[in-house]
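Keep in mind the model is a prediction, meaning the values are calculated, not measured.
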Amino acid sequence: MKLVTAAIALSALVAGPAFASKELAQKNNCLACHATDKKLVGPSYQEVAKKGKSVAELAKSIKAGGSGKYGPIPMPPQPQLSDADATALATWINAGAK
């Protein structure tokens with residue numbers, strides 16, 4: 001039974017980044033304010049990636065929100081995101097949001 005539980009946990013970890021995609025961004029309404037290659041309300045994902053934040057730093061910023069990093073319009077906090085989804089989005093953004 002422990003082996004089955006470990007296999008399920010491992011498959012969830014491996015499958016996690018597969019959800020780090022445009023679909024996850026759409027599901028969480030990220031694309032209402034951000035685009036891959038142009039500024040909308042917020043910065044483009046390419047601009048965010050150029051800042052060079054680690055995945056952990058970016059995931060924390062996604063969940064906490066913030067202001068002043070890219071202009072005067074604040075990003076509201078996203079506390080409803082799980083840590084796994086925030087990390088997946090941060091990984092996707094840092095990889096070019098493709």
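Heavy atoms from other residues, nucleotides or ligands lying under 6.0 Å from NZ of Lys27 number 12 at most. With a 6.0 Å radius and a threshold of 12 heavy atoms from other residues, nucleotides or ligands, Lys60 has its NZ atom at or below the threshold.
Judged as a ring-ring contact (aromatic ring centres under 6.0 Å, His included), the pairs with a partner in residues 26-68 (not counting sequence neighbours) are, in order, His34-Tyr45, Tyr45-Trp92.
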Donor-acceptor pairs under 3.5 Å, side chain of residues 62-77 to any protein atom, not counting sequence neighbours: which ones?
{"residue": "Lys63", "atom": "NZ", "partner": "Leu81", "partner atom": "O", "Å": "3.0"}
{"residue": "Lys63", "atom": "NZ", "partner": "Asp83", "partner atom": "OD1", "Å": "2.7"}
{"residue": "Lys69", "atom": "NZ", "partner": "Ser61", "partner atom": "OG", "Å": "3.2"}

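Distance check, rounded to the nearest 0.5 Å: NZ of Lys51 to CG of Leu58 gives 11.5 Å.
Val55 and Ala90 make their closest contact through O-CB, 3.5 Å (heavy atoms, listed as atom of the first residue, atom of the second, distance). Minimum interatomic distance between Ala49 and Ile93 (heavy atoms only, all atoms of both residues): CB-O, 3.6 Å.
Neither side chain, Ser44 nor Gln46, offers a donor N or O lying under 3.5 Å from an acceptor on the other.
Leu31 is connected to Leu24 through a chain of hydrophobic side-chain contacts under 4.5 Å among Ile, Leu, Val, Met, Phe, Trp and Tyr, so both are in one cluster.
Taking the side chain to side chain donor-acceptor pair (under 3.5 Å) definition, one finds that Ser82 meets it with nothing, sequence neighbours left out. By the side-chain contact (heavy atoms from CB on, under 4.5 Å) test, Lys38 pairs with Ala35, Leu40, sequence neighbours left out. Listed by chain and number, the residues in a side chain to side chain donor-acceptor pair (under 3.5 Å) with Gln26 amount to none (sequence neighbours excluded).
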